[in-house]
Amino acid sequence: MTSIVLGINKEGNFDQLDEKKSKSLSALWKAAKTSGQEGETRVFYAVGDSSDHVAAVSLGSVSQSSSENEKAEATRRAAALGARALHETGCSDSISVDSMLSSHASAEGANLALFKYSLKAGMKDKERIQVNQLKTNTNDTSSSGLNWETGTIYAEAQNLARELMEIPANMLTPILFSERIVQLMSGLENVTVQVHDENWAKEKKMGSFLSVARGSDEPPRFVEVHYKGNGGDQFDYAFVGKGVTFDSGGISIKGAEHMDLMRGDMGGAASVLSAIRAAAQLKLKVNVVAVTPLTENLPSGKATKPGDVVVASNGLTIDINNTDAEGRLILADALYYATSTYRPHTVIDVATLTGAIGIALGSVFIGLFSSDDGLADQLKEAGEREHDRYWRMPLDPLYCKKVKGASNSDLCNACGRPGGACNAAAFLSFFIWGLNEKKTKWAHLDIAGVMETSDDAYDVKGMSGRGTRPLIEFLRINSK
């Protein structure tokens with residue numbers, strides 16, 4: 001038995017198949033009284049004197065004349081819906097998926113839709129369903145250089161980010177996370193990993209980062225992943241990912257309800273690490289370094305207290321008036337280290353930083369703050385291509401003034417609820433080497449609002465891993 005996912009055009013034709021199967025499926029589709037709405041799905045058995053199981057999914061009004069982004073998203077959703085339908089009917093261990101209007105998007109949709117994380121007995125080692133490209137009579141018409149293989153790598157990268165975010169915090173402490181990173185990057189060409197301990201962070205005078213780590217008995221780690229796909233020693237890009245492996249809020253402790261979700265507060269680290277791994281797998285001609293400060297944020301007799309003042313690695317003093325605004329504290333030292341050490345022309349940080357961004361944008365868009373219009377436009381283009389979209393938020397000097405003027409220290413880490421996401425971005429801007437001199441372009445991506453997702457096509461209920469595919473596409477756009 002073969003399990004197949006097919007896209008069907010608005011005329012109700014299956015042009016991908018031989019004439020006999022095409023006529024058989026077209027008749028079955030019409031007999032099922034379908035309306036032709038995009039995403040409408042039917043599963044047919046023993047099609048055309050064969051044992052094939054076929055999930056047919058309508059592409060609606062989207063066709064070859066539609067825009068590339070429209071074709072990609074319609075395909076992504078159709079492949080996902082078809083793969084889900086076959087899985088729910090107990091299909092075999094493999095599915096063959098039609099390229100439809102974009103082989104890249106088809107591979108993404110099917111692989112993302114079939115992701116599952118489970119620690120249940122008997123489930124952990126179960127083979128995942130293999131997704132293959134269906135060989136058909138039609139060809140993928142995309143001229144972008146993307147194909148089935150790239151789509152598979154993009155999807156596997158997001159699935160890796162999902163998995164890392166789902167792992168319980170006791171199974172992914174800073175040390176265990178750093179060990180997993182080394183394992184994940186092993187064997188990749190032009191990739192090296194450096195794992196730094198607490199003493200190294202002290203030598204670098206990372207007082208802001210270490211102030212968060214103080215409350216936990218789990219030692220922090222600071223990880224660097226270097227990918228030099230374009231030769232030479234200069235890094236053009238730096239990614240910085242927030243890596244709080246569990247966030248209780250510290251002394252400013254969170255409420256108990258849903259605190260378990262804070263295992264995913266390292267989603268920024270998961271995203272940038274998965275993206276740089278994918279860049280290496282794709283052999284992109286780009287040099288990029290990813291840095292991730294890893295720590296827990298817990299209350300204890302050693303923990304930082306509200307009102308404490310710490311000194312960051314760039315010498316600025318920070319009044320910590322809320323220990324639950326810890327993400328910006330670890331990012332501060334990481335951003336300064338990445339930009340002052342490697343002098344990239346572009347730095348992008350990714351973080352589940354503020355609940356405020358979720359209030360502003362919900363779970364539809366990722367919050368984008370940027371010092372540079374060109375960089376913001378490139379990121380938005382990458383997001384549109386992958387339909388994991390950004391909405392640009394204001395990065396205004398008045399927010400910086402608010403962050404500076406709230407205490408007797410140089411900065412405060414939390415300045416009240418109004419404009420919370422904007423205040424957090426403004427805080428981070430003080431730690432970008434070369435920003436004021438326009439030597440460094442910077443973007444901050446707040447993914448807190450999209451940390452989780454509900455079931456819908458290629459979105460699987462749980463930790464989302466969102467923000468990963470657009471980062472890969474951004475690097476691909478800029479690959480030489």
For Lys283, the salt bridge (charged side-chain N to carboxylate O under 4.0 Å, His left out) test, sequence neighbours excluded, returns Glu189

Separation between CG (Leu160) and OG (Ser274), nearest 0.5 Å, reads 3.5 Å

Exercise. Please lay out, stage by stage, how Gln133 and Ser99 fare under the test side-chain hydrogen bond (donor to acceptor under 3.5 Å, both in side chains).
Key: CA-CA 7 Å; Gln133 184 179 22; Ser99 294; 2.8 Å; yes

Test your reading of the model: is there a side-chain donor-acceptor pair from Thr341 to the backbone of Ala338, 3.5 Å cut-off?
no

field: Polar contact flag, side-chain donor to acceptor under 3.5 angstrom, His258-Glu452
entry: no

Do Thr317 side-chain atoms and Val311 backbone N/O form a donor-acceptor pair below 3.5 Å? no

- Trace of the side-chain contact (heavy atoms from CB on, under 4.5 Å) decision for Val350 with Val240: CA-CA 6 Å; Val350 187; Val240 179; over 6 Å; no

d(Leu395 CG, Leu428 CG) to nearest 0.5 Å is 9.5 Å

In terms of heavy-atom contacts, Asp388 and Arg469 come closest through CB-NH2, 4.4 Å

>> Checking side-chain polar atoms at under 3.5 Å, does Gln378 have a donor or acceptor matched by the opposite partner on Asn478?
In response: yes

Between Asp456 and Arg77 (salt bridge meaning N to carboxylate O under 4.0 Å), is one present in this structure?
yes

Do His104 and Glu386 come within less than 4.5 Å of each other through their side chains, counting heavy atoms only? yes

Taken to the nearest 0.5 Å, the spacing of Thr173 OG1 from Glu296 CD works out to 7.0 Å

Here the gap from Lys205 atom NZ to Asn314 atom CG, rounded to the nearest 0.5 Å, amounts to 12.0 Å

pair Tyr390-Leu445: side-chain heavy atoms closer than 4.5 Å: yes

Discussion item. Can you classify the ring geometry of Tyr342 versus Tyr337 as parallel (below 30°), tilted (30 to 60°) or perpendicular (above 60°)?
Written reply: perpendicular

- Query: Between the side chain of Lys254 and the main-chain N/O of Gly249, is any donor-acceptor distance below 3.5 Å?
  - Reply: no

Do any N or O atoms from the side chain of Ser106 and from the backbone of Ser102 form a donor-acceptor pair under 3.5 angstrom? no

Using side-chain heavy atoms (C-beta onward) and a distance below 4.5 Å, is Val288 in contact with Asp236? no

| Do Arg466 and Asp459 sit within salt-bridge range, that is, some charged N less than 4.0 Å from a carboxylate O? | no

Notebook entry, point to check: Is there a side-chain contact between Phe430 and Asn436 (heavy atoms, below 4.5 Å)?
Noted result: no

Heavy atoms of Gly241 and Leu331 approach each other most closely as C-CD2, 4.2 Å

Residue set satisfying salt bridge (charged side-chain N to carboxylate O under 4.0 Å, His left out) with Lys441, at least two apart, ordered chain then number -> none

Do Thr468 side-chain atoms and Gln158 backbone N/O form a donor-acceptor pair below 3.5 Å?
no

Output for pair (Leu379 CG, Arg389 CZ), nearest 0.5 Å, gives 15.5 Å

Sorted by chain and residue number, the salt bridge (charged side-chain N to carboxylate O under 4.0 Å, His left out) partners of Asp377 (sequence neighbours excluded) come out as none

request  = Report yes or no: do Glu149 and Tyr154 form a side-chain donor-acceptor pair below 3.5 Å?
outcome  = no

Side-chain contact, heavy-atom cut-off 4.5 Å: Val62 with Leu101?
yes

Count the heavy atoms belonging to other residues, nucleotides or ligands that lie under 6.0 Å from CD of Gln183, then report whether that count exceeds 12.
yes

Looking only at heavy atoms, the pair that brings Val225 and Leu273 closest together is CG2-CD2, 3.6 Å

query: Quick check, are the ring centers of Tyr399 and Phe427 under 6.0 angstrom apart?
result: no

Kindly check if the number of other-residue, nucleotide or ligand heavy atoms within 6.0 Å of CG (Asp233) is above 12? no

- Item | Over 12 foreign heavy atoms within 6.0 Å of NZ, Lys439 | no

* How far apart are the C-alpha atoms of Arg180 and Leu184, what are their side-chain angles, what is the distance that settles it, and do they pass the side-chain contact (heavy atoms from CB on, under 4.5 Å) test? -> CA-CA 6 Å; Arg180 179 71 187 276; Leu184 286 169; 3.9 Å; yes

Does the gap between the ring centers of Trp433 and Tyr336 come in under 6.0 Å?
no

Could you tell me whether the side chains of Asp247 and Asn297 share a donor-acceptor contact shorter than 3.5 Å? yes

Go through the steps for Ser208 and Ile330 under the test side-chain contact (heavy atoms from CB on, under 4.5 Å), then give the verdict.
CA-CA 6 Å; Ser208 188; Ile330 72 171; over 6 Å; no

With side chains defined as the heavy atoms from C-beta onward, is the minimum distance between Arg328 and Thr354 less than 4.5 Å?
-> yes

### Query
Can Arg476 and Val286 be said to form a side-chain contact (heavy atoms from CB on, under 4.5 Å), step by step?
CA-CA 8 Å; Arg476 193 187 71 87; Val286 64; over 6 Å; no

Q) Does the Arg392 side chain pair with the main chain of Ser370, one donor and one acceptor, at a distance under 3.5 Å? A) yes

Rounded to the nearest 0.5 angstrom, the CG-CZ distance for Asn170 and Phe246 is 10.5 Å

query = Does Lys402 reach the side chain of Cys415, with side-chain heavy atoms less than 4.5 Å apart?
reply = yes

Does His87 NE2 have over 12 foreign heavy atoms under 6.0 Å away? no

Original post:
Run the side-chain hydrogen bond (donor to acceptor under 3.5 Å, both in side chains) check on Thr453 and Ser464 step by step: do they pass?
Top reply: CA-CA 6 Å; Thr453 188; Ser464 72; over 6 Å; no

Tell me whether the rings of Phe365 and Trp391 are parallel (<30°), tilted (30 to 60°) or perpendicular (>60°). perpendicular

| said: Can you classify the ring geometry of Trp442 versus His444 as parallel (below 30°), tilted (30 to 60°) or perpendicular (above 60°)? | reply: parallel

Sidechain-backbone polar pair: Asn423 side chain, Pro418 backbone, donor-acceptor under 3.5 Å: yes

Notebook entry, point to check: Can you find a heavy atom in the side chain of Tyr117 that is under 4.5 Å from one in the side chain of Leu164?
Noted result: no

